[in-house]
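Below: one structure, written as structure tokens.
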There are 2 protein chains.
Amino acid sequence: MMIPAARKALDDAEDIVGYDTYVKMAGPLRLDQTVHASDNREELFRARQAFDLAATGRSVAVVSSGDPGVFAMAAAVLEALDGATDARWRGVELVILPGVSAALAAAARIGAPLGHDFCIISLSDNLKPWSVIIDRLEHAAAGDFAMAFYNPISKARPWQLGEAIALLRRHRVAETPVVLGRDVGRPAESVRITTLGDLTPEQVDMRTVVIVGSSTTRVIDGTDWVYTPRWYGTPPAELKKA
Amino acid sequence: MMIPAARKALDDAEDIVGYDTYVKMAGPLRLDQTVHASDNREELFRARQAFDLAATGRSVAVVSSGDPGVFAMAAAVLEALDGATDARWRGVELVILPGVSAALAAAARIGAPLGHDFCIISLSDNLKPWSVIIDRLEHAAAGDFAMAFYNPISKARPWQLGEAIALLRRHRVAETPVVLGRDVGRPAESVRITTLGDLTPEQVDMRTVVIVGSSTTRVIDGTDWVYTPRWYGTPPAELKKA
């Protein structure tokens, strides 16, 4: 699912900077390319490492999964630039190349659950207070948005998803379709449908994106296709002509 | 910005169905491929035409711009399938291939304005009541989401964007960064920055995606980079080490 411009940037780079697991997925790399792999959750370290390399004139690619602009490396790269004390960093020619974010990849596999107004929310309270997340979930639920959750759960954050599910159940019926997309676009990909009533945190891990439908999200009878129609309220007259 | 799987699907298809303008952008096509181009806003007609062709055993590609799952053709295709009276339509092998949606493409060009929680909202009231849109805007604003607006304005919908801007100004300061991305990824691409205080409907047309920052969205001093940091509230300690 990588766009050709991203493939070319990887092919052209002298240095590849990224989370170890994602760098391995970005291959094949050339023997003359230098790989700087680091651990997960070292985003800012990687961003600074990339600027340090690029400031010396090297051509550097920072690897991100999905779309770098959606809970991925682009914000970290710009945080690093914003806080730069090394003037040479400002001289680096920076290009951000978009991609298919996990929610859009999972949505495509199962239909079009994000085919109408939706929110994307990270459930991680590592970098924002849980109270902000709860407030946003309340608004997203009250506004009847479909939602996709990134970073839904981890060993260090075991209870947050359960609280989010409980909140959503106060706003939406138990039959609301839920899509669990895990490792979409990777060899171990799985995408499955459940409902808000049946969803439990045990079905979800940190590599899963969770999509919760709005009040209009539907499963097509007898199929595994889930979609949120383009219309809201009254279906358009042309639909009746089917 | 088209993913290789989408390129391959287009190359492999016998019939290409789509909005005339987008079909032209999807080229090059082969002389032995049959093009079924239709006017804009004929989504359901195109979806049904594609199923009719595919039901006869033809290999059909339905062209969409951006990501078909985000205010594009995938929902229309599934609405057609959901309402199908022709049993052969159920037998069609359907694959939806994701892409880079306009908001993500525009965001990448200008930085990472959608690097934190965000909403995507269509401002078109063709298929949903304006009251629903206003309610969603209120919730998105109160929840301090960054937002991207699709279908922000058209000749038939001249006043809605102005009302949306007025609503947002009651929640966010005039300095809030706004990104206007037009025809991103196409030859006439333009991406520019303004503020919520300066934004007027005259700056926007139907080919523009409008991104409005949250309270934390920033422009990096002396640059044209806009981003929403990963953190909210208190910046992480590592940021201070820059």
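Within every chain, numbering begins at 1; the chains are lettered A, B, ... in the order of the sequence lines, protein sequences first and strands thereafter. Side chains included, hydrogens not; waters and symmetry mates left out as well; all remaining heavy atoms used.
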Could you tell me which of B:V70, B:D221, B:L127 has the largest number of non-hydrogen atom pairs under 4.5 Å with chain A? B:L127
Max heavy-atom pair count under 4.5 Å with chain A, selected residue of B:I121, B:V100, B:I120, B:I3: B:I120
Measure distances from A:D86 to the heavy atoms of chain B and classify the residue's part below 4.5 Å as side chain, backbone, both or neither. neither
Using heavy-atom distances under 4.5 Å, tell me whether A:A142 contacts chain B through its side chain, its backbone, both, or neither. both
Identify which of A:R90, A:M147, A:R109 forms the greatest number of heavy-atom pairs closer than 4.5 Å to chain B. A:R90
The single option from B:V226, B:V212, B:V178 that satisfies side-chain contact (heavy atoms from CB on, under 4.5 Å) with B:P113 is B:V226
For each of B:L104, B:L114, B:L137, B:V95, tally heavy-atom pairs with chain A at distances under 4.5 Å, and name the one with the top tally. B:L104
Quick check on A:R7 against chain B: is it the side chain, the backbone, both or neither that has a heavy atom closer than 4.5 Å? neither
If you define the side chain from C-beta out and look only at heavy atoms, does anything of A:Y150 sit under 4.5 Å from A:S124? no
Straight-line distance of A:K128 NZ to B:T234 OG1, nearest 0.5 Å: 14.0 Å
Can you tell me how far the CG atom of A:N126 sits from the CH2 atom of B:W231, to the nearest 0.5 Å? 15.5 Å
With only heavy atoms counted, which part of A:M2 is less than 4.5 Å from chain B, the side chain, the backbone, both or neither? backbone
Who among A:L94, A:L81, A:D67, A:T223 has the most heavy-atom pairs with chain B under 4.5 Å? A:L94
For B:D82, is it the side chain, the backbone, both or neither that has a heavy atom under 4.5 Å from a heavy atom of chain A? both
Heavy-atom pair count under 4.5 Å with chain A, highest-scoring of B:P68, B:A107, B:C119, B:S101: B:C119
Just verifying a value: how many Å separate B:R207 CZ and B:D183 CG, rounded to the nearest 0.5 Å? 4.0 Å
Do you know which of B:A74, B:G111, B:G233 has the most heavy-atom pairs under 4.5 Å to chain A? B:G111
Under a 4.5 Å heavy-atom cut-off, does chain A meet the side chain of B:A76, its backbone, both or neither? both
Could you tell me which portion of A:I110 (side chain, backbone, both or neither) has an atom closer than 4.5 angstrom to a non-hydrogen atom of chain B? neither
Heavy-atom contact with chain B under 4.5 Å, split by part of A:D135: side chain
If you apply the rule side-chain contact (heavy atoms from CB on, under 4.5 Å), what do you find for A:S122 with B:D117, and how did you get there? CA-CA 6 Å; A:S122 168; B:D117 304 330; 4.0 Å; yes
How about B:T208 and B:F149: do any of their side-chain heavy atoms sit closer than 4.5 Å? no
Under the side-chain contact (heavy atoms from CB on, under 4.5 Å) test against B:P229, which residue among B:T216, B:L239, B:T217 passes? B:T216
CA sep, side-chain torsions, deciding dist, call: A:V210, A:I153, side-chain contact (heavy atoms from CB on, under 4.5 Å): CA-CA 10 Å; A:V210 179; A:I153 199 165; over 6 Å; no
On the six-membered ring of A:F145, is B:R136 placed so that its NZ or CZ lies under 6.0 angstrom from the centre and within 45° of the ring axis? yes
Any idea which of A:A75, A:G115, A:A108 has the most non-hydrogen atom pairs under 4.5 angstrom with chain B? A:A108
Show your reasoning for whether side-chain contact (heavy atoms from CB on, under 4.5 Å) applies to A:D144 and B:V132. CA-CA 9 Å; A:D144 199 18; B:V132 169; over 6 Å; no
Contact winner vs chain A - B:A112, B:P98, B:P129, B:A5, heavy-atom pairs under 4.5 Å: B:P98
